[in-house]
Amino acid sequence: MAEEEDFNKDNPERRATRLHYRNIITDLQVHRDDLVNPQSEELQERLREVDENFKRVERAREAALDSQAMHLIANIGRMKAQALHTEFVRFQPTEFAQKLIAFVGGTSAGQGVEARISAQGWASLGRATQPFFRRSPPFQFVLGSFERGPKPVKERQQRAPREKESLATKETVPNQLKTFEGMDEGEATTEEVERVHKILRAHYRKHRRISYFEFVLNPDSFGHTVENIFHLSFLIKDGWAEMYLDEELQIPMIRPMDSERKKQASRDGKDQRRIQAIISITPGEWEELVQAFKVTRAQIPPRENVRNGHG
């Protein structure tokens, strides 16, 4: 009973503990703006004081004051974290523009003078940024899908000996190709490649300088343009034509390779240094190229026009 009366007695030590908590709470409320400053360490000092004072807490009354003080410290700590700037390097549009103008050799803006970048500067900027905007061409099967069904089983037919003897006595007559539709796909491709080669040589004898895009583009047919690019790639691969970059216009050019030049390139080892790449073209890009090069007529007439006598 004596111990319970002593526990319930409001002794000076507990009053001092509660007074200390009230002073801390008042200080936190009055100096909130100073404590929120990220450069200040006063909030850590208040937290250490609360932790030290909590060692003397024995009653629920002191514990409630401790909870109130910790709640204030937590709120101030959250505001302090929000006020902390972690953007050590912030993007400045004006500074970036000035560095960009200096990089391409342009004229910086001044009082009443606008910044200027020459055409050569824009070209150098395009060459510098081109590697970051390359896109991989979509995957496409050249000869259709490889998902083939089961191979059909051919039934072997037994022939009578007399029939074999009669076949041996007959002369073998090659089939005469009368229509283009009856031609095998591989033979049709070879025929078309040869036709494109003849057209390329004829244009080269007449003009000497042939733009690659003006030669392959058909302003009336996107599909025929793709076919022209496909057939011309065989000529380049086999060394019967070559592409080069026009130094003045900075556009790809195409020209045929005659037998003598082809042999000379083989002796020099140039044919072994040919580089092949897969390119892609969309209908939108085809329309832009037709407008850019002002192509009004196909230099390679479609296959149908040749068969009908219009090419």
Side-chain angles (χ1 to χ4, degrees), residues 1-139 284:
M1 180 66 68
E3 292 180 359
E4 184 178 354
E5 290 179 355
D6 183 67
F7 184 78
N8 293 330
K9 186 178 180 181
D10 193 8
N11 57 39
E13 184 178 352
R14 285 196 293 274
R15 286 199 300 270
T17 301
R18 293 196 297 269
L19 180 60
H20 195 186
Y21 270 122
R22 292 190 182 98
N23 292 336
I24 293 175
I25 292 172
T26 302
D27 184 72
L28 290 172
Q29 293 173 342
V30 173
H31 300 92
R32 179 191 299 266
D33 295 339
D34 297 334
L35 296 173
V36 170
N37 186 2
Q39 305 298 329
S40 175
E41 297 182 359
E42 293 296 327
L43 188 62
Q44 287 85 336
E45 293 294 333
R46 301 298 183 275
L47 181 60
R48 281 192 288 268
E49 291 181 17
V50 173
D51 290 340
E52 188 66 26
N53 204 36
F54 184 74
K55 297 177 182 179
R56 298 188 292 272
V57 173
E58 296 179 356
R59 300 284 187 89
R61 192 173 179 183
E62 289 85 12
L65 292 172
D66 179 82
S67 176
Q68 184 179 356
M70 290 300 299
H71 181 71
L72 287 172
I73 292 175
N75 286 337
I76 296 173
R78 176 178 57 81
M79 291 187 293
K80 185 175 182 178
Q82 292 176 349
L84 180 64
H85 295 286
T86 57
E87 300 176 358
F88 297 105
V89 180
R90 181 176 295 180
F91 177 74
Q92 299 292 342
T94 305
E95 182 182 356
F96 175 75
Q98 293 176 354
K99 291 182 178 180
L100 180 63
I101 293 172
F103 175 75
V104 298
T107 305
S108 301
Q111 294 182 352
V113 180
E114 296 182 354
R116 294 184 179 274
I117 299 178
S118 62
Q120 185 178 1
W122 285 113
S124 62
L125 177 62
R127 288 191 295 269
T129 57
Q130 183 179 7
F132 303 103
F133 292 94
R134 290 180 178 174
R135 61 177 180 176
S136 301
F139 179 77

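The first residue in the sequence is number 1, and the count goes up from there. Side-chain atoms are counted along with the backbone in the values below, which use heavy atoms only and exclude waters and symmetry mates. What you see is a predicted model, and the numbers here were worked out from it, not measured in a lab.
- Salt bridge present: Glu42 and Arg46 bring a charged side-chain N and a carboxylate O closer than 4.0 Å.
- Shown here for Ile117 and Val104, the closest heavy-atom pair between the two residues is CG2-CG2, 3.7 Å.
- Arg48 places none of its side-chain heavy atoms less than 4.5 Å from the side chain of Glu52.
- When the shell of 6.0 Å around CD of Glu13 is examined, it contains 12 or fewer heavy atoms from other residues, nucleotides or ligands.
- Applying the side-chain hydrogen bond (donor to acceptor under 3.5 Å, both in side chains) test between Glu62 and each of Arg56, Arg18, His20 identifies Arg18 as the sole match.
- Just one residue in the list Thr17, Asn53, Ile24, Val50 forms a side-chain contact (heavy atoms from CB on, under 4.5 Å) with Asp66, and that residue is Val50.
- Rounding to the nearest 0.5 Å places CD1 of Ile76 at 11.0 Å from NE2 of His31.
- Side-chain contact check for Met70 versus Leu47: some heavy-atom pair is nearer than 4.5 Å.
- The CG atom of Leu28 sits 9.5 Å away from atom CD of Gln68, with the distance rounded to the nearest 0.5 Å.
- Using a 4.5 Å heavy-atom threshold, the side chains of Lys80 and Leu35 count as separate.
- With hydrogens and angles ignored, the 3.5 Å screen pairs a side-chain donor or acceptor of Thr26 with a backbone N or O of Arg22.
- One N or O on the side chain of Asn23 and one on the backbone of Leu19 form a donor-acceptor pair closer than 3.5 Å.
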